[in-house]
Amino acid sequence: MADTSARTLRLLSLLQTHRSWSGTELAERLRVSARTLRRDIDRLRELGYPVDARPGVDGGYQLAAGAAMPPLVLDDDEAVAITVCLQAGSQGAGDGLAEPSVRALGKLVTVLPTRLRRRVDALRAMTESTAWTAVPLSDVDPAVLTDLALTCRREERLTFTYTAADGRISTREVEPHRLVSLGRRWYLVAYDLTRHDWRTFRVDRLTASTTIGTRFRPRPLPAPDAATFVHNAIGARRSGYTVTAEIEAPAIDIHARIGRWCTVTALPADRTHIEMTADTLDWPILLLGRAEAEFQILSPPELVTQLREWGTRFARAT
């Protein structure tokens, strides 16, 4: 019965994406026969979930659009992903999302299962971010994030395989301190027991992590906090771009819209100067678009070229 209930919840989670699933797709995802799938669909209908079924080659199963739905069902990875996004929103400044994000985050954590709540709470407590943090976009498994957060909280030594920027692979033994969400990346701040110094590690380059079980006494971090340590370390070796622009809008408005990701300086005549650093030019273009005002790019010239290419592509699309 426990397996049946878990499978039914998994089926509901898939259907709540509101896409149409073929019977074959759902059966493969759930690892059941077509007959068992039909029984599970009937069980959802008995519970009040309006599942539409369309026969034929182009048919499939889909939740009825606009129907009044029972409570939302999330799997573990989805719950962690929502927690990360809400935490990023709760740390926003002046965009109107901070307070609602805090309230939503509090509600989410209180209804999570004890097992998952412990992991999510560790991720919240062991994560720091900078003022220009965006929602992380790198390919990081949520389970890896929560495992690292738990290791930081427990103050246990950790070993893992790490691939450096130049492709070199090494095995590291560290004393993990904090996770940091910066830009569109996740970083682990830890004391490297081989190099005998503090280091930052990109989580998407970290594999085969294993806790040793050895506890350690935390060492003093050579920075006010982990976010500052990562910001300084990344800035020292950044080979990206420094973007500056002037925007035809008051600084108070620009700060509210994009101030989380750049330095905002008020200019005369209700104009605003912004500056930011980025490893690619795509993100500054999106940011300038979010400013919702006319702007002039001051540097770098490569951004002007790329913006023209984007503009031409968008014009063709319309």
Side-chain angles (χ1 to χ4, degrees), residues 75-85 87-88 91 109 112-130 133 135-238 279:
D75 62 28
D76 287 9
D77 286 355
E78 292 168 342
V80 172
I82 290 177
T83 300
V84 170
C85 293
Q87 182 160 320
Q91 295 167 345
V109 172
L112 290 175
T114 302
R115 165 189 53 79
L116 187 55
R117 186 187 309 155
R118 179 173 58 89
R119 301 176 69 85
V120 167
D121 187 56
L123 183 60
R124 293 171 61 201
M126 295 293 107
T127 298
E128 297 180 12
S129 61
T130 68
T133 294
V135 176
L137 301 179
S138 57
D139 186 15
V140 176
D141 186 343
V144 173
L145 289 177
T146 54
D147 285 344
L148 291 174
L150 285 170
T151 306
C152 292
R153 169 170 276 187
R154 293 168 181 163
E155 298 175 352
E156 293 181 346
R157 289 183 177 178
L158 178 72
T159 62
F160 53 82
T161 300
Y162 190 70
T163 303
D166 60 5
R168 288 182 299 173
I169 299 176
S170 60
T171 300
R172 303 296 185 93
E173 181 177 348
V174 303
E175 296 176 351
H177 177 69
R178 287 289 187 278
L179 287 168
V180 172
S181 168
L182 185 150
R184 289 171 288 172
R185 300 291 182 188
W186 284 90
Y187 297 89
L188 173 67
V189 175
Y191 186 84
D192 191 320
L193 294 169
T194 303
R195 276 69 174 177
H196 302 289
D197 198 4
W198 288 92
R199 290 288 190 272
T200 62
F201 302 96
R202 265 179 49 175
V203 176
D204 58 314
R205 293 177 177 169
L206 183 155
T207 58
S209 61
T210 305
T211 56
I212 299 176
T214 304
R215 302 291 296 272
F216 62 87
R217 184 186 298 274
R219 303 170 189 262
L221 182 70
D225 51 60
T228 301
F229 181 81
V230 173
H231 189 281
N232 293 340
I234 299 304
R237 61 176 183 264
R238 182 178 294 277
D279 51 359

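Each residue takes its place number in the sequence, starting with 1.
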Shortest non-hydrogen contact between [X] and [Y], atoms and distance:
X: A226; Y: L221; result: N-CD2, 3.5 Å
X: L188; Y: C152; result: CD1-SG, 4.0 Å
X: A190; Y: P176; result: CB-CA, 3.8 Å
X: E156; Y: F216; result: N-CE2, 3.4 Å
X: L158; Y: S209; result: CD1-CB, 4.1 Å
X: M126; Y: R153; result: SD-N, 3.7 Å

Practice problem: Answer yes or no: is there an ion pair linking E175 with R157, defined by an N-O contact shorter than 4.0 Å? | Solution: yes
With a 4.0 Å cut-off, would you call D197 and R195 a salt bridge? no
Please round to the nearest 0.5 Å and tell me the distance separating atom [atom1] of [X] and atom [atom2] of [Y].
X: T127; Y: R178; atom1: OG1; atom2: CZ; value: 9.5 Å
X: T171; Y: Y162; atom1: OG1; atom2: OH; value: 13.5 Å
X: R185; Y: T200; atom1: CZ; atom2: OG1; value: 13.0 Å
X: L193; Y: T214; atom1: CG; atom2: OG1; value: 10.0 Å
X: Y187; Y: R205; atom1: OH; atom2: CZ; value: 8.0 Å
X: H177; Y: F229; atom1: NE2; atom2: CZ; value: 9.5 Å

Practice problem: State whether a side-chain donor-acceptor pair under 3.5 Å links R172 with S170. | Solution: yes
Backbone of H196 reached by a side-chain donor or acceptor of Y191 within 3.5 Å: yes
inquiry  = Run the side chain to side chain contact (heavy atoms under 4.5 Å, CB included) test on V189 and W198 for me, step by step, so that the C-alpha distance in whole Å, both residues' side-chain angles and the decisive distance to 0.1 Å come before the verdict.
reply    = CA-CA 7 Å; V189 175; W198 288 92; 4.0 Å; yes
- Item | Evaluation steps, side chain to side chain contact (heavy atoms under 4.5 Å, CB included), between L150 and T211 | CA-CA 10 Å; L150 285 170; T211 56; over 6 Å; no
Open item on the list: Using ring centroids (six-membered ring only for Trp), state whether F201 and F160 fall under 6.0 Å.
Closed with: yes
